[in-house]
Amino acid sequence: MRKYIHKALIAITMAIIAFPLLSSCSSKENKTERKSIAVFIPGIMADSPIYANLAKGVQKAVESYNQNATTKAEVNIHEAGTNQAEWQTKIIALAATGKYDVIISSNPSLPELVEDVTKQFPEMKFILLDAAANGNPAVAAVSYDQKAQAYISGYIAALMSKNHKIGLIAAQEYPVMNNILYPFYQKGGADAVAGTSTDFRIVGNWYDASKGAELTKAMVQSGVDVILPICGGASQGVISAAIEQGIKLNWFDENGFSKAMGTIISSAMVEQEKVSEEVTKDYLEGKTVFGKTTTVGISDGCIEFIQDDELYIKNVPEDVRNAVKNVYDKLKSGELKL
């Protein structure tokens with residue numbers, strides 16, 4: 001009898017040990033089947049259209065996919081906040097949950113941050129927009145050719161400036177800002193009106209509206225009368241100070257005319273929602289090519305200068321609009337190369 005009891009106990013024990021292994025395998029299969037996606041927001045979506053549109057595009061692609069999918073895809077949005085020092089820790093924590101097949105995000109600094117993460121979690125995949133990453137088999141990236149976006153903004157800024165002084169207020173210095181956005185904004189201004197100078201100042205973060213207002217007023221005192229803010233939530237301070245000081249603003253990454261009617265004289269958009277929807281659709285259909293960067297720009301319809309908004313037509317003289325359209329068309333056709 002004891003012999004049979006002993007054999008039974010062994011059998012039960014082996015079954016208990018085997019159960020979690022089977023459950024783990026089953027869980028992994030289900031996770032793979034259901035295509036679980038995390039959207040990592042390196043900041044907050046409020047006052048950051050580039051991030052809000054990232055989330056919208058991913059959600060639209062998932063909703064469309066789920067209409068005909070037998071096993072539904074899932075998407076979860078995670079805001080990391082404005083403290084950049086915490087981003088990598090939060091990405092690691094997200095990957096460590098084991099809940100997600102891919103993390104989709106957008107920021108030029110992310111390829112460097114996820115490099116170590118892909119070594120710790122080799123099965124974790126990343127799709128990064130507004131970024132460049134080649135050679136990492138776990139990362140697919142989409143880079144925006146923002147030369148034209150910055151150039152056309154500087155071009156109209158110079159045409160609208162009475163003092164031949166334009167400005168750019170950035171949240172931080174980073175490679176895309178230093179090597180593309182600022183120099184091509186500067187070049188656009190100088191090409192439009194010879195002798196136009198560009199003032200460049202840094203907030204130091206993506207949220208300090210008071211500092212944004214302070215820098216705006218300082219620029220105005222130096223003679224600047226058109227400013228491009230690329231500083232996230234700090235742009236709200238730039239807007240309030242620009243209205244108070246009676247100067248004009250360019251706007252980036254979304255249609256911003258209604259944010260300050262009569263003050264914002266141009267909107268050069270990155271079609272982030274469109275691109276994020278397309279890359280998510282490709283991932284869900286198994287078409288993503290990891291390990292390389294795809295560059296898109298004005299000729300792909302991924303960067304646009306808005307010319308049909310009523311507020312643009314109302315507040316920008318016709319001769320300026322015609323001059324800008326001529327340059328924009330040449331950039332789009334490739335006749336004008338930067």
Side-chain angles (χ1 to χ4, degrees), residues 42-54 106-108 129-131 142-158 160-161 166-189 198-203 205-207 209 212 215-216 219 224 226-239 241-242 247-260 263-276 296-298 301-307 309 311-312 316 324 327-328 331 338:
I44 56 175
M45 289 187 286
D47 297 322
S48 295
I50 201 78
Y51 296 143
N53 289 332
L54 169 72
S106 174
N107 191 283
L129 276 58
D130 195 16
V142 177
S143 175
Y144 295 121
D145 183 358
Q146 293 182 282
K147 298 185 191 75
Q149 185 185 14
Y151 183 88
I152 200 75
S153 298
Y155 197 92
I156 188 173
M160 293 292 287
S161 173
I166 64 178
L168 194 162
I169 297 178
Q172 296 174 320
E173 292 188 80
Y174 48 94
V176 172
M177 176 58 67
N178 293 343
N179 300 330
I180 295 177
L181 299 180
Y182 169 52
F184 282 94
Y185 181 72
Q186 184 181 42
K187 178 174 173 53
T198 303
D199 193 344
F200 180 52
R201 308 202 185 194
I202 305 297
V203 176
N205 57 61
W206 293 87
Y207 56 84
L215 293 176
T216 302
M219 279 189 170
V224 172
V226 183
I227 295 174
L228 168 62
I230 306 179
C231 47
S235 298
Q236 295 305 313
V238 178
I239 290 176
I247 66 163
K248 303 299 183 183
L249 297 177
N250 301 116
W251 203 254
F252 240 44
D253 293 341
E254 67 170 339
N255 186 334
F257 290 112
S258 63
K259 290 180 180 292
T263 295
I264 294 176
I265 49 89
S266 74
S267 289
M269 292 180 60
V270 166
E271 296 287 356
Q272 177 91 322
E273 182 177 339
K274 170 185 174 181
V275 176
S276 65
V296 296
I298 192 169
C302 296
I303 291 176
E304 179 186 359
F305 184 82
I306 298 175
Q307 301 178 73
D309 191 286
L311 293 172
Y312 174 69
V316 177
V324 172
V327 170
Y328 179 78
L331 287 169
L338 300 176

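The model shown is predicted, which means the values in this text are computed figures rather than measured ones.
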Distance col, row I169:CD1 vs C231:SG, nearest 0.5 angstrom, shows 6.0 Å
In this structure, CE of M45 is separated from CG of L54 (nearest 0.5 Å) by 9.0 Å
Tightest non-hydrogen contact, residues A242 and T216, listed as N-CG2, 4.0 Å
Residues Q172 and I202: closest non-hydrogen pair is CA-CG2, 3.9 Å
> Does a side chain donor of either D309 or N255 reach within less than 3.5 Å of an acceptor in the other side chain?
Replying inline: yes
So OH of Y328 and CD of Q307: to nearest 0.5 Å the spacing works out to 6.5 Å
dist S161:OG -> I227:CD1 (nearest 0.5 Å) comes out at 10.5 Å
Scanning both residues in full, the closest heavy-atom pair of Q272 with Y144 reads OE1-OH, 2.6 Å
- Message: Please determine whether side chain to side chain donor-acceptor pair (under 3.5 Å) holds for the pair D130 and S106, giving the CA-CA distance in whole Å, both sets of side-chain angles, and the decisive distance to 0.1 Å.
- Response: CA-CA 6 Å; D130 195 16; S106 174; 4.6 Å; no
Shortest non-hydrogen pair, I298 vs L331, comes out as CG2-O, 3.9 Å
When rounded to the nearest 0.5 Å, the distance separating CD1 of I166 from OH of Y155 is 12.5 Å
Applying side-chain contact (heavy atoms from CB on, under 4.5 Å) to V142 and V296, what does each step give before you reach the verdict?
CA-CA 7 Å; V142 177; V296 296; 3.9 Å; yes
Closest non-hydrogen atoms of W206 and A171, given as atom of the first, atom of the second and distance, are CD2-CB, 3.2 Å
CZ (F252) with more than 12 external heavy atoms under 6.0 Å | yes
The reported gap from CE in M269 to CH2 in W251 (rounded to nearest 0.5 angstrom) is 13.0 Å
Just checking Y182 against F200, ring centres under 6.0 Å apart?
yes
Please check this pair: side chain of E271 against backbone of I303, looking for a donor-acceptor N/O pair closer than 3.5 Å. no
In short, N250 meets I265 closest at the heavy-atom pair ND2-CD1, 3.6 Å
